[in-house]
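Worksheet: one structure, shown below.
Keep in mind that this is a model prediction, so the values were computed, not measured. Hydrogens, waters and symmetry mates play no part in the numbers below; they use all other heavy atoms, side chains included.
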Amino acid sequence: MKKIVLLIATGVLTTAACSQVKLPAAYLKDSFPVLIAHCKAVLDKAYMVQKLVATTDTLPGWEGYPVKLYQYETGKDLYTGQPKTGMVYLLNPSPQKLAMWIATACWTVKGSVDSKYTDSLLKWINGQSNAQFPVKGVVYEDQYTRNFQEPYVFKDGVTVYVKDSTMFPRDKTCTLAQLAFYLRITNDDLKPQTGQYARIASTRREDYISNGGTADVGDAANRKIKWLSVVRDLYKKAWNSDENELIILWAKDHL
């Protein structure tokens, strides 16, 4: 009861939070292992999961969760001809957890765990994030120009923008000092507007609001920093659950 009261008070609770999805027993026995295998194939290609530097459950805001710090290298950059080095804290699901999140989302939204739904949702998640949840740090992506590795700073699963312009590389190659800074940023280091999409399914503020979310997170034109705490709370809640409400919210509006 205390947990539900807290979720209501913070504006995190939506319609999916009060129910527990029970998947068909026949599906869990016959088809669910196939989905787990597909999820494993996605997670095995999570490109930031390279050199494990440390595991911690004391990261501020994420106490009690097994956050992992990785150092990784990109492929050769289009302009420098060299790979770029990134550092990021990740809290990625296991294949089993990811499969359960996908299956329960499909069952909740479509009343079905047919592979046309589960495979479609997994394909979307793979394309958006490789199922990687960046708690804090830099994510290099060649999102707009193939092989041009551009840095994006993340906090609580959302792209953020640092206030201090000297702490973001003009040449799009982060220094060691900048990488270290991104690993310890707080909201005080950030501009008041954040990115739009929440990992791992690119959930939008509009998905949250249209399905009962009440926190003042703004919208696409006014991307308030409150979105970070909502995403953090929902992902933490999902970590110990068969359901990931961030995925359910996206699926309700798009699947």
Next on the checklist: For V53, is there any backbone N or O sitting under 3.5 Å from a side-chain donor or acceptor partner on K68?
Outcome noted: no
Partner of D156 under side-chain hydrogen bond (donor to acceptor under 3.5 Å, both in side chains), picked from K236, K136, R232, R199, is R232
| message | Test your reading of the model: is there a side-chain donor-acceptor pair from S241 to the backbone of K237, 3.5 Å cut-off? | response | no
Can a donor-acceptor pair be found, under 3.5 Å and without considering hydrogens, that links the side chain of T145 to the backbone of F148? no
When you measure from the side chain of E206 to the backbone of D253, do you find a donor-acceptor pair of N or O atoms at a distance under 3.5 Å? no
Flag for K155-N187: side-chain donor and acceptor within less than 3.5 Å: yes
Exercise for review: Give a yes or no on whether I225 and Y161 share a hydrophobic cluster (residues Ile, Leu, Val, Met, Phe, Trp, Tyr; joining criterion: side-chain heavy atoms under 4.5 Å apart).
Suggested key: no
OG1 (T55) and OH (Y70) are apart, to the nearest 0.5 Å, by 7.0 Å
Closest non-hydrogen atoms of W101 and P93, given as atom of the first, atom of the second and distance, are CZ3-CB, 3.7 Å
**Prompt:** Parallel, tilted or perpendicular for F168 and Y182, by the 30°/60° rule?
**Reply:** tilted
(Q) Whether the side chain of T159 engages the backbone of F154 through a donor-acceptor N/O pair (distance < 3.5 Å, no angle test) should be reported. (A) no
Margin query: So does K116 get a backbone contact from the side chain of D114, meaning a donor-acceptor N/O pair under 3.5 Å?
Written below: yes
- Message: Is it the case that the side chains of T74 and Q149 hold a donor-acceptor pair, with the cut-off being a distance below 3.5 Å and no angle test?
- Response: no
**Item:** Y197 with I209, same ILVMFWY side-chain cluster at under 4.5 Å
**Value:** no
Output for pair (L23 CG, M100 CE), nearest 0.5 Å, gives 5.5 Å
Are the side chain of Q196 and the backbone N or O of A220 linked by a donor-acceptor pair below 3.5 Å?
no
Fill in: Lys/Arg-Asp/Glu bridge criterion (N-O < 4.0 Å) met for K40, D44
yes
- Message: Before we go on, tell me: are the rings of F133 and W62 under 6.0 Å apart, centre to centre?
- Response: yes
- Task: Would you confirm whether Y235, through its side chain, and L91, through its main-chain N or O, come within 3.5 Å as a donor-acceptor pair?
- Result: yes
Output for pair (L246 CG, S202 OG), nearest 0.5 Å, gives 11.0 Å
In short, Y72 meets M87 closest at the heavy-atom pair CE2-N, 3.9 Å
When L59, N92, L90 are each screened for side-chain contact (heavy atoms from CB on, under 4.5 Å) with V135, the one that passes is L59
Does N211 reach the main-chain N or O of D207 with its side chain, forming a donor-acceptor pair under 3.5 Å? yes
Rounding to 0.5 Å, atoms SG (C106) and CG (L121) come to a distance of 5.0 Å
Q.
Any side-chain to backbone donor/acceptor pair from T108 onto T104? Under 3.5 Å, distance only.
A. yes
* Flag yes if more than 12 heavy atoms outside K163 fall under 6.0 Å of its NZ atom; otherwise flag no. => yes
Checklist entry - Is the closest side-chain donor-acceptor distance between T194 and R205 under 3.5 Å? => result yes
Next on the checklist: Check this for me, if you would: do D216 and K224 make a salt bridge, where the nitrogen-to-carboxylate-oxygen distance has to be below 4.0 angstrom?
Outcome noted: yes
